[in-house]
Amino acid sequence: MSREPAFRPRVPRLIVVGSGIAGLYASLLAVDSGASVVLLTKGELNESNTWYAQGGISAVLDRPAPGDTIAAHVQDTLQAGAGHCDAAAVQVLCTEARHDIAGLQRFGAHFDIAGDGGPALGLEAAHSAPRILHAGGDATGARIAAALIRSVLARQADGKITLLSGAQATALRLSSGRVDGVEYLRDGRQHTLMGDALLLATGGAGQVFAQTTNPAVATADGLALAVRAGAAVADLEFFQFHPTCLAQEGRVQEGGVQEGWAEEAGATRDTNNGLNGEPLLISEAVRGEGAVLVDAGGRRFMTAYHRDAELAPRDVVSRSIALHLAKLGDPNGHVYLDARVIEQAKGPGFLARRFPTLTRRILDAGFDWTRDLVPVAPAAHYWMGGVVTDLLGRTTVPGLYAAGEVACTGVQGANRLASNSLLEGLVFGRRAVESFLFGGSDWGAPGGAPPRTPHDPPNLASSADEGLAPSELFPSNTAAEPGVSAGSTAASSDGGKEVFSREALRRLMTAKAGVLRSGKLLTEAAETLDRWTAVVHPDAVPAGNADPVGHEDRNLLLAARLLVAAALDRTESLGAHYRSDEPEEAYALRPKASLVRD
Ligand code: FAD
Ligand code: SIN
C-alpha cells in the first residue's frame, strides 16, 4: 500500500471518483467552497461519456423559445419517462437548470449563439420546444468538458485540488457502515485513500452490450462498487438504446445480434447491424432539424409507428426500427437516416455549419450526407437505472454520494428525455456537494430515506459450483473451450457452454437483453450469467487483484446479472424495457407533445 495523497488539513475531505461532467463540476464547486478534494479518474481526464456528448443540454432559461416554460420541460421529461419518473426530482432538475447552466458558464463553458444574440436552441425528440443548448455545433460534451478540465487544472496548479488520473477505483472502504475511503489501482499497485465522504461519478455501462455509443471506460464500475458496499439500486431494467448509431456496412462482424426475432421474420442472422469499430452516434438534433428515417426500400416508416414519427421518444424510435426490420425479414440489418432533406430545406452548407464534427466523421466513414443516405441502427446508450439517491445525492449508505449517470435520482424514469443527462450530472452533482458541505433536510436524516423505491441490495449468491481454481476465472484471456473462439459471433446459442469473457458477455446481452426482450430470452441470459457468476464471483473483489481489466470484467458481469434479474422481474413492457411477451405498454397512449417551434 502506498502513502495516500495529501488532503489539506482541517477542512472537509471529499473524494470524487470520475471526471465526466458530474465529477468535474462537483469537484470545482467543492473546492471553491473550501473543501479539500481528491479527484480520481481511471483514464485521462477527458475519457468519459461526457466528452462525446453531441446534442447538448436541455434547459429553459431567461429567453426561452416562444411559449416554452419550465412546466413544459417538466411535462416532456415525465412523458418521455413513461410515467416512471420521480416527479419531485424532475421538478428540481428543470427548475434548477438555469442555476447550473450559469455555473457552467462561470467555469468557462460557452454555448452557441443565435442571430438575435441569445442562445441558439436546438430541438430533439420528445421535447415540445427547442430548448437544447449546444456548443461547437455538435461538440457540446467536448467543449464543456474542456472548460471544466481547464478550471480543474488551474486549481491543481494553485494546490487546491489533487488530481489522480490513471487511478481505477476498485472498492469502497467502509467503517461502522459508513464509507470513509476508496481502494484504487494506479501504476500497477494498490492504494488506499481516506476521506470524510465519497462522491461516485463513474458514469454508465454501455460496454455491457456488444453495440454501444459509449467509450471503453463505461464499464459499470461505480454501480458494482456501490452494490458491493450494500447500496440500494433501482430501475436497472431500463437501458436506453439510441436509434441512430452509424452502421458501417461491409465491416468485419464482431458484435452480438438480437435474438429471437430472426426466426419470427424468417431471416437468417448473418449481420449485426454493421455496428463495429469506433462508434459514431448521429445526434438526435439532426432529426430535430428535419432528417427522417427510411428503410432499404426508401420508405419513411416511423409515421406508421408513432404520431410524432422521428421525434417520438427515443425508446419508441429504437424499438420501431427493430420491429420494422424484423417485419422486413432483416432483424439485424439497419435503416437509413436521410439528412439530405435538411440541406434541401435550409440551403447548402447548413449541415456542415450546424454539425461540423458529424459532417467530418461521416465523410471519414465514406458518406457525404448532403447526398447519401446514412445507414444507422440502435446501440446501447444510457442506463436510466443506477445507485439510488435522494434529492441531495445521498445513497442509502452513509458517506456515499452518487451523481450523474451512475445514480438513479428518478429523473430519467423508464426512458430518458434527450439532453437531460448532462443536466442531471450538473444539478445533482451540485446538490451532493451542498449536502456534503452544509447538510440538508430534503429527505429525512443524513444518510438515508431515498425517495425512490429501491431494490434491496441484491442477493448475489449463486447456487452453482463454487470450487473452481483461479486460473479458470478468465479462461478467454488464455484459451477458449474447444469449439468456442473468444471472438465468435455465435451469440445465439449457449449450447456449447461458452466460457466467460467480456466479448461473450457483451454478445449475450445484445442477443438476449437488447431492444426487444422476452421472458424466454431473459431466462436464457440469466442461466448463462449464473453459470459465469459461479466461476467468476463478481460479487466480491479478490484481495490483491492488480489486474485492471479483470476488475472491469467482474463489474460488467455483476451489472449484467442485475440488469437481467430486474428485466425478468418486470413482466410488463415499460419505456425502454420492451417485452414481446407483454408488449401492451402501448406507447401510442403517450400524448403527443405539442410542438412549439421558433
Ligand atoms: P461520464 O461522463 O461517463 O464520466 C465517468 C467518469 O468516471 C470517466 O471519467 C471514467 O473514466 C470514470 N470512471 C469510471 N470508472 C472508474 C473507476 N473505477 N475509477 C475511476 N474512475 C472511473 N447526454 C446529454 O445530456 N446530451 C447529449 O448530447 C448527449 N450525447 C451523448 C453522446 C454520446 C456519444 C454518449 C456516449 C452519451 C451522450 N449523452 C448525452 C449522455 C451523457 O453524455 C452521459 O450520460 C453523461 O456525460 C454522464 O456523465 P457522468 O459525469 O455521469 O459520467
Ligand atoms: C444526441 O445528441 O442524440 C444524444 C443526446 C442525448 O443522449 O441526450
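When a ligand or atom number is given, it counts from 1 through the structure's own listing order. Index from 1, following the sequence.
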Donor-acceptor pair, side chain of Ser318 and main chain of Pro378, under 3.5 angstrom: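 No, the answer is negative, given that no donor and acceptor are paired below the 3.5 Å cut-off.
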Does Thr510 use its side chain to pair, donor to acceptor, with the backbone of Ala210 at less than 3.5 Å?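 Present.
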What do you reckon, does Gln240 put a non-hydrogen atom under 4.0 Å from ligand 2?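 Under 4.0 Å: no for Gln240.
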Check if Ala418 has a non-hydrogen atom at a distance under 4.0 Å from any atom of ligand 2.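 Yes, that is the case, since the closest heavy atom of the residue is under 4.0 Å from the ligand.
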Exercise: do [X] and [Y] side chains pair donor with acceptor under 3.5 Å:
| X | Y | answer |
| --- | --- | --- |
| Ser58 | Ser419 | no |
| Asn420 | His73 | yes |
| His242 | Thr213 | no |

Sub-4.0 Å heavy-atom contact, [X] with ligand 1:
| X | value |
| --- | --- |
| Gly425 | no |
| Ala218 | no |
| Ile57 | no |
| Arg416 | yes |
| Gly56 | yes |
| His381 | yes |
| Ala167 | yes |

Should the proximity of [X] to ligand 1, defined as any heavy atom under 4.0 Å, be assigned to the side chain, the backbone, both, or neither?
| X | answer |
| --- | --- |
| Asn420 | backbone |
| Thr202 | both |
| Asp221 | side chain |
| Glu405 | both |

Minimum non-hydrogen distance to atom 32 (C) of ligand 1, winning option of Tyr25, Tyr382, Tyr52: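 It is Tyr52 whose heavy atom sits nearest to atom 32 (C) of ligand 1.
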Minimum non-hydrogen distance to atom 31 (C) of ligand 1, winning option of Ala22, Ala53, Ala407: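 Comparing heavy atoms across Ala22, Ala53, Ala407, the nearest one to atom 31 (C) of ligand 1 lies in Ala53.
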Does [X] reach ligand 1 with a nitrogen or oxygen that is under 3.5 Å from one of the ligand's nitrogen or oxygen atoms?
| X | answer |
| --- | --- |
| Gly23 | no |
| Ala169 | yes |
| Ser19 | yes |
| Thr213 | no |
| Leu422 | yes |
| Ser421 | yes |

Under 4.0 Å, heavy atoms only, figure out whether ligand 2 is touched by the backbone of Arg287, its side chain, both or neither.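 The answer is neither; Arg287 stays 4.0 Å or more away.
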Can you confirm if the aromatic rings of Phe241 and Phe209 lie within a centre distance of less than 6.0 Å?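 Between Phe241 and Phe209, which both carry aromatic rings, the centre distance is below 6.0 Å.
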How long is the straight-line distance from CG of Asp547 back to CZ of Arg554, given to the nearest 0.5 Å?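 Going from the CZ atom of Arg554 to the CG atom of Asp547 covers 8.5 Å.
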Short N/O distance, under 3.5 Å, between Arg314 and ligand 2?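 It does: an N or O of Arg314 is found under 3.5 Å from an N or O of ligand 2.
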Val335 and side chain to side chain contact (heavy atoms under 4.5 Å, CB included): which partner among Leu373, Thr244, Val376?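 That would be Val376.
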Using the rule given for ring-ring contact (aromatic ring centres under 6.0 Å, His included), can you reason through His84 versus Phe238, listing the C-alpha separation, both sets of side-chain angles and the distance that settles it, and then say yes or no? CA-CA 10 Å; His84 192 67; Phe238 301 115; 5.0 Å; yes
Applying side-chain contact (heavy atoms from CB on, under 4.5 Å) to Met302 and Val317, what does each step give before you reach the verdict? CA-CA 7 Å; Met302 272 308 304; Val317 181; 4.1 Å; yes
